[in-house]
Amino acid sequence: MSVETDVRRWAAPARRRAALRIVAVGAPLVLAAVAGAWRLAGPGAAMLAGLALAALIGWTAMRRARRHDRAWLVAALDAARGDLEDSSDLLFAEPEALGPLQRLQRDRLRRRLGAAPPPDLADAWPWRAIALAVALGLAIAAAALLWPAPREKTPLAPAREGGAAAPGIPHLTGQRLTVVPPAYTGLPPRALDTLDARVPEGSRLAWRLRFDPAPAGAAIVSPGGGSLSLRTEDGEWRAGRMADRAFLYRVVPQGGRGTPPLHRIDVIADQPPRIRVIEPARTLTMIAPGQRAWRLGFAVTDDYGVAATARLRIVLAQGEGENVAFRERTITLTGAGGGRDRRFAASLDLRAAGFTEAGDMVAQLIVADTRGHVVRGPSLILRRPPAALGESGLEASVRRQMPAYFRSQRQIIIDAEALLAARPRPAPAAFLARSDTIGADQRLLRLRYGQFMGEETGGGATNAMPTNDAEEGAEPAHQPGDGHDHEGEMPTPPKFGDMGDVTAEYGHTHDESEAATLLDPGTRATLRQALDAMWQSELALRQGDPRRALPHAYRALRFIKQVQQATRIFLARTGTQLPPVDEGRRLTGKRDGIGRPPLPALAARPQDAVAAAAWRALGEGEAPDLGRLSGWLAANTARVPDPLALTAAIDAVRRQPDCDACRQRLRGVLWSALARPAPTVTRRPEGGAMGRRYRAALR
């Protein structure tokens, strides 16, 4: 066996391992490269890339295997077996070139190698590098396979400009409008076959056009001024702009014939979010006994999308009078639901929030949409009223009483009749109690009307009088008291010459200058009769005889109606002196100088005269003055409902003066733009021959 044979036999495992290491690391990368080339350039490119990379990996593996030669083998044996005494080179030397001692050493090494198993001289497997290469290759291959294939360029749609094409004259043959909505809408891009579109505000517009024959230049021109130049690319003319407002435009090639039609781009403005309160049902909520939490719920909608989070502003106001302390904090809420309709809910712990005393807790939701419009919702109030004053021992001095309401005279009559018609008849004690209650109501009503006569009621006078019987009892009555009971009053010592003190000593005044002088003497007499009838009705009711009280109650009601229908009152002097009456002009029948002179009639100024003249001309088949009409539109753009539609209609008539459909469309748009005439009085129908004879008889 030759020396080279021994070297190949000992180094063969290591050479195979080295080559396989290169293949194991490179094969996944070759797979990833083939997948990427197939996605980008097709199967042919993928095959060429695979063959080239495989050849490269094979050549690298062969180079790495050839490194395991005789020198590597000797060094590897010496490093692996210490009992070879660094004499491994003797095992692969030619026998003729060795001396006696060298042959003896070689034989000794061979016996040692035969006694022990041969060592594994191959390098270890690079498992970490192999795993990384496999993961990277699979990820790249999966991404390349799942990545959407590059779309073929969308072909252009046929142009719809109208008009006959002339040889050698550039005209539009293909068109495509691509709309890229802004990110806040979440809408995908879309390609349109037409040049008219409704797009969200802030969209990016891209035009692709083709002309035949190709012009020297082209532009997108707006009627109001301004143009956008088109650039040529791959046989197409392209341009782009941002749609921040609505506009009209036309595509104009250089050297073209005629005026191309107008196209319209409408912009849809983004609307702010809308907040609806779900819980609580009312804006102001009184805290319930034992309530520990306050639940809030909101529904927020938007045309494109609501932000995923919102802020809840909470203001706590506690204290009384000038010692009110305010605390404000904000918490973040996460919404539930889709992008355009989200629900926000919160449950506020009242004790944790410090809402333990009397005061208000105000909550307000602050939310934004995907574009950044911030909206504040309605303020919701949770109110904790002050604690009962009885607990502090001050109930008798500061207790608030609900106002007592009294009944009307008609209701007193109804109650008395219902008491008489009750079946079975109540017991005498119950009958007397109910009759006495009705008599008390009659007394309160009598004292109420007595205030207008200047009578004292012990509770102060009221300056308002019921206007009809249905409103009687609509105002609170004061504490009941006898207007003529003056027992216990301490008279004031009289003073000489003081008429007021004399009156206070020998009598008292029942008339008040602010109340008693409102009625004329006749009305005061009628009211006095009503009070007398009420007194008789009250007397019978208190004695338990409602049947005897009813006639007096009816008579009081009739007098009250007469008083309410009185139209003559006297007004108290307010400090101004009325001018003296000119006796010389009284009862003369002359009206000169009494009133203001009539205003002169103004000449009728027709509104929108230019637009009205154009409207009439279109209806009569005449040619309207489009120049003046365009000037009128420029001056009245703010109040015209759709100025772009009117501009397009004017342009269509200007391009085709003989087009009846264009003229009718312009006339219709003008009619919607004209100001409406002021409403006037409509004449009654004459009534025919009979009506004419009737008017003649009246004359």
For [X] and [Y], work out which heavy atoms get closest and say how close.
X      : Y      : answer
Met242 : Gly202 : SD-O, 3.0 Å
Val221 : Ser227 : CG2-CB, 4.0 Å
Gly217 : Trp237 : CA-CH2, 3.8 Å
Ala353 : Leu316 : O-CD2, 3.4 Å
Ala293 : Ser347 : CB-OG, 3.8 Å
Ser203 : Pro181 : OG-CA, 3.6 Å

I want to check something: taking the side chain as every heavy atom from C-beta on, are [X] and [Y] in contact at a cut-off of under 4.5 Å?
X      : Y      : value
Asp369 : Gln271 : no
Val367 : Val306 : yes
Ile220 : Phe247 : no
Leu172 : Leu209 : yes
Ile278 : Phe344 : no
Ile650 : Leu646 : yes
Trp207 : Thr178 : no
Leu348 : Leu296 : yes

As a quick check of understanding, evaluate side chain to side chain contact (heavy atoms under 4.5 Å, CB included) for Leu618 and Trp671, giving each step before the final call.
CA-CA 11 Å; Leu618 290 170; Trp671 177 257; over 6 Å; no

Crowded around Arg695 CZ? As in, over 12 foreign heavy atoms under 6.0 Å?
yes

Can you tell me if Arg241 has over 12 outside heavy atoms packed within less than 6.0 Å of its CZ?
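Yes, enclosed.
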
A cation-pi test, strictly: NZ or CZ of Arg264 under 6.0 Å from the centre of the six-membered ring of Tyr249 and no more than 45 degrees from its axis. Yes or no?
no

Kindly compute the distance separating [atom1] ([X]) from [atom2] ([Y]), expressed to the nearest 0.5 Å.
X      : Y      : atom1 : atom2 : result
Arg313 : Thr330 : CZ    : OG1   : 7.5 Å
Arg198 : Ile265 : CZ    : CD1   : 11.0 Å
Tyr184 : Asp303 : OH    : CG    : 8.0 Å
Thr232 : Arg210 : OG1   : CZ    : 10.5 Å
Leu177 : Leu156 : CG    : CG    : 11.5 Å
Arg238 : Glu233 : CZ    : CD    : 4.5 Å

Arg311: side chain to side chain donor-acceptor pair (under 3.5 Å) partners, not counting sequence neighbours:
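So Arg311 forms no side chain to side chain donor-acceptor pair (under 3.5 Å) with any residue.
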
Ile314 vs Met361, side chain to side chain contact (heavy atoms under 4.5 Å, CB included): CA-CA, chis, key distance, verdict:
CA-CA 7 Å; Ile314 302 172; Met361 176 182 283; 4.0 Å; yes

Could you tell me whether a side-chain N or O of [X] sits under 3.5 Å from a main-chain N or O of [Y], the two making a donor and an acceptor?
X      : Y      : answer
Ser630 : Leu626 : yes
His171 : Phe211 : no
His373 : Arg371 : no
Arg663 : Glu622 : yes
Thr309 : Leu333 : no
Asn636 : Trp632 : yes
Gln175 : Ala157 : no
Arg667 : Trp615 : yes
Arg176 : Pro155 : yes

Pair Arg340 + Asp302, salt bridge at N-O below 4.0 Å
no

So Phe298 and Leu380, side chain to side chain contact (heavy atoms under 4.5 Å, CB included) or not? Walk me through it.
CA-CA 11 Å; Phe298 305 89; Leu380 305 177; 3.9 Å; yes

Ile268 and Val199: side chain to side chain contact (heavy atoms under 4.5 Å, CB included), yes or no, with the steps?
CA-CA 6 Å; Ile268 304 173; Val199 301; over 6 Å; no

Which is it for Arg655 and Asp658 under the salt bridge (Lys or Arg N to Asp or Glu O under 4.0 Å) test, yes or no, and what are the steps along the way?
CA-CA 9 Å; Arg655 291 175 56 249; Asp658 299 333; over 6 Å; no

